[in-house]
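Reading through the structure tokens given below for one structure.
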Number of protein chains: 2
Amino acid sequence: MGLRERKKEKTRLAILDAALDLFLEQGYESTTVEQIAGAVDISPRTFFRYFTSKDHLVLWFHDHGEGLMMETMRSRPQGEPPFTALMHAVRAVLSDMEGSTEDEHRRFLKLRRVLDENPQLIGQSVARGAGTERRLAELVAARRGTDADSDQLSHLIVAFAMSAMRVGFECPRRDGGMPEITGRMAETIELAERSLRPGWDL
Amino acid sequence: MGLRERKKEKTRLAILDAALDLFLEQGYESTTVEQIAGAVDISPRTFFRYFTSKDHLVLWFHDHGEGLMMETMRSRPQGEPPFTALMHAVRAVLSDMEGSTEDEHRRFLKLRRVLDENPQLIGQSVARGAGTERRLAELVAARRGTDADSDQLSHLIVAFAMSAMRVGFECPRRDGGMPEITGRMAETIELAERSLRPGWDL
DNA sequence: ATGACTTATGGCACACTATGACAGAAAAGT
DNA sequence: ACTTTTCTGTCATAGTGTGCCATAAGTCAT
């Protein structure tokens, strides 16, 4: 990795950290892009070259998670029931979280607090999920040998899986640490698996 | 109902219709508030008194549906299992759709086409759903005698119910009429009910 | 009807987000 | 060192959304 890329990555994280701190200090709405840019000493124009929008800051982690899920889904055996494969994908995100660095943990916990204090943002995050669900539904439909456009069950399978993930993410108490959060997420996943009829997703 | 209120309602619908037509003609992004206001001969400033934002136009129906669901939930017997009550609420939205006027049907079908051509908007709609889910989860937790903050199952129950509703709404073919859409939605609801283990939501 | 009261509207100014165009600086490859 | 590519800042501009104030329209007395 060249100097250029390293520098870019550093800037990107600096923006992210500065933004999260500002959001926690003075709220999301009342923080302007100009302030964020000022805090890391770049021009506002440059901010938009790193993040396509102010919202995008908050969706950063979501995008990372989606990539991971898509990857996992493709690597699971084709014969595996789709919901099972999806649950593996969700667990992959979970273990990625567990395996990340101290810095990333801090960033993640900050993000969580920001989301908690600005509920409209979790809406944004969920909105991003709509696209994710469509892409996952394509993969599920392929597994089931159906057409994603017309097969409602494929969509339902994905929707249920993402529901479990979302509930697991939002539900844990706000003040807990990383192990508590991942623990609760794991519980929710099991809860979802237990709630469904065996073979419902074939 | 006085002249004032009737006039307001008329303006509101005029704005909505003009906006949907413009969105279909030239796309959501490339339609400005100024154009919409111009089409119904009001000032842009007034537009924002009827709809808090451009997005709000699209969320109009969602808000109506949420009101209906909350109402239905409160009117169902407290002893009824929460998921069953939620499914009744979803069906209430469905029969409201079936029972509405020709004009409302046309409006609804237009909205559906707009959503289909501008996927980022269905994100917006789903985002609004995040708030809805939280409010519904409160009602479900009350039924189950638990605290919504800590009870993951309450959230999961609501999330599953809303998933069924969303899939039913989005999945039907785009060119179908109203009866086809409601029919497909009913199918999805039954599919969801069949997928879950009896008694999972107690 | 006339007047007083309330509410809706329009116009203006303004803050903020976001994007396009262009020129200069920094890094990469040769 | 030279060229090419990529990143950056400056400037200009479009569009959304809000506060404020004067005016117009609807409402309700007498």
Side-chain angles (χ1 to χ4, degrees), chain A residues 1-16 18-23 25-60 63 114 118-121 123-125 127-128, chain B residues 1-23 25-60 63 114 118-121 123-125 127-128 131:
Chain A
M1 213 205 270
L3 167 61
R4 194 167 237 154
E5 283 178 75
R6 265 180 292 131
K7 201 174 170 184
K8 250 187 116 166
E9 201 53 29
K10 226 178 76 185
T11 309
R12 166 162 275 129
L13 291 178
I15 296 176
L16 195 52
L20 289 176
D21 285 337
L22 284 170
F23 292 163
E25 272 173 46
Q26 37 177 317
Y28 179 79
E29 290 295 346
S30 26
T31 303
T32 69
V33 172
E34 200 178 349
Q35 287 177 307
I36 300 171
V40 284
D41 226 54
I42 57 169
S43 80
R45 186 66 185 86
T46 300
F47 169 90
F48 286 106
R49 293 197 175 97
Y50 280 91
F51 295 92
T52 57
S53 68
K54 203 172 132 184
D55 295 341
H56 191 195
L57 285 165
V58 167
L59 302 171
W60 189 238
D63 289 354
V114 173
N118 306 80
Q120 78 281 15
L121 287 181
Q124 296 293 327
S125 177
R128 193 76 146 213
Chain B
M1 212 203 268
L3 168 60
R4 193 170 233 153
E5 283 178 76
R6 265 180 294 133
K7 201 172 170 185
K8 254 188 113 164
E9 202 51 29
K10 226 178 76 184
T11 309
R12 167 164 273 128
L13 292 177
I15 296 175
L16 195 52
D17 283 332
L20 289 175
D21 285 337
L22 284 169
F23 291 163
E25 273 174 45
Q26 37 178 317
Y28 178 80
E29 291 294 346
S30 25
T31 301
T32 69
V33 172
E34 202 179 349
Q35 287 178 306
I36 300 171
V40 284
D41 225 55
I42 56 168
S43 79
R45 186 66 187 85
T46 300
F47 169 89
F48 285 107
R49 291 199 176 95
Y50 280 92
F51 295 92
T52 56
S53 69
K54 205 172 132 186
D55 295 341
H56 191 194
L57 285 165
V58 168
L59 302 172
W60 189 238
D63 289 354
V114 172
N118 304 81
Q120 78 279 16
L121 287 181
Q124 296 294 326
S125 177
R128 194 76 146 212

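FYI, side chains are in, hydrogens and waters are out, and symmetry mates aren't considered; it's all heavy atoms of this structure. Proteins get letters first, then strands, A, B, ... in listed order; numbering begins at 1 in each.
- Distances shown here put every side-chain N or O of B/T46 at or beyond 4.0 Å from the OP1 or OP2 atom of C/dT9.
- Counting to the nearest Å, the P atom of C/dA8 and the CG atom of B/L3 are 12 Å from each other.
- The side chain to side chain donor-acceptor pair (under 3.5 Å) test applied to B/N118 returns no partner, not counting sequence neighbours.
- Residue A/S30 is classed as having no contact, given no heavy-atom separation below 4.0 Å to the nucleic acid.
- Residues forming a salt bridge (Lys or Arg N to Asp or Glu O under 4.0 Å) with B/D55 (at least two apart in sequence, or on another chain): none.
- At least one side-chain nitrogen or oxygen of A/K7 sits closer than 4.0 Å to the OP1 or OP2 atom of C/dA27.
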Between the protein and nucleotides 1-4 of chain C, list the N/O to N/O atom pairs that are separated by less than 3.5 angstrom.
none

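- Taking a 6.0 Å sphere around CD of B/E34, one finds it holds 12 or fewer heavy atoms contributed by other residues, nucleotides or ligands.
- Listed pair B/K54 / D/dG15 fails the phosphate criterion, with no side-chain N or O lying under 4.0 Å from OP1 or OP2.
- Applying the 4.0 Å criterion to OP1 and OP2 of C/dA8, one finds that B/Y50 has every side-chain N and O outside that range.
- Distances shorter than 4.0 Å separate none of the side-chain N or O atoms of A/T32 from OP1 or OP2 on C/dC16.
- The side chain of A/R49 approaches C/dC22 more closely than any other nucleotide in the set D/dG19, C/dC22, D/dG26.
- Rounded to whole angstrom, the span from the CZ atom of B/F47 across to the P atom of C/dG10 amounts to 13 Å.
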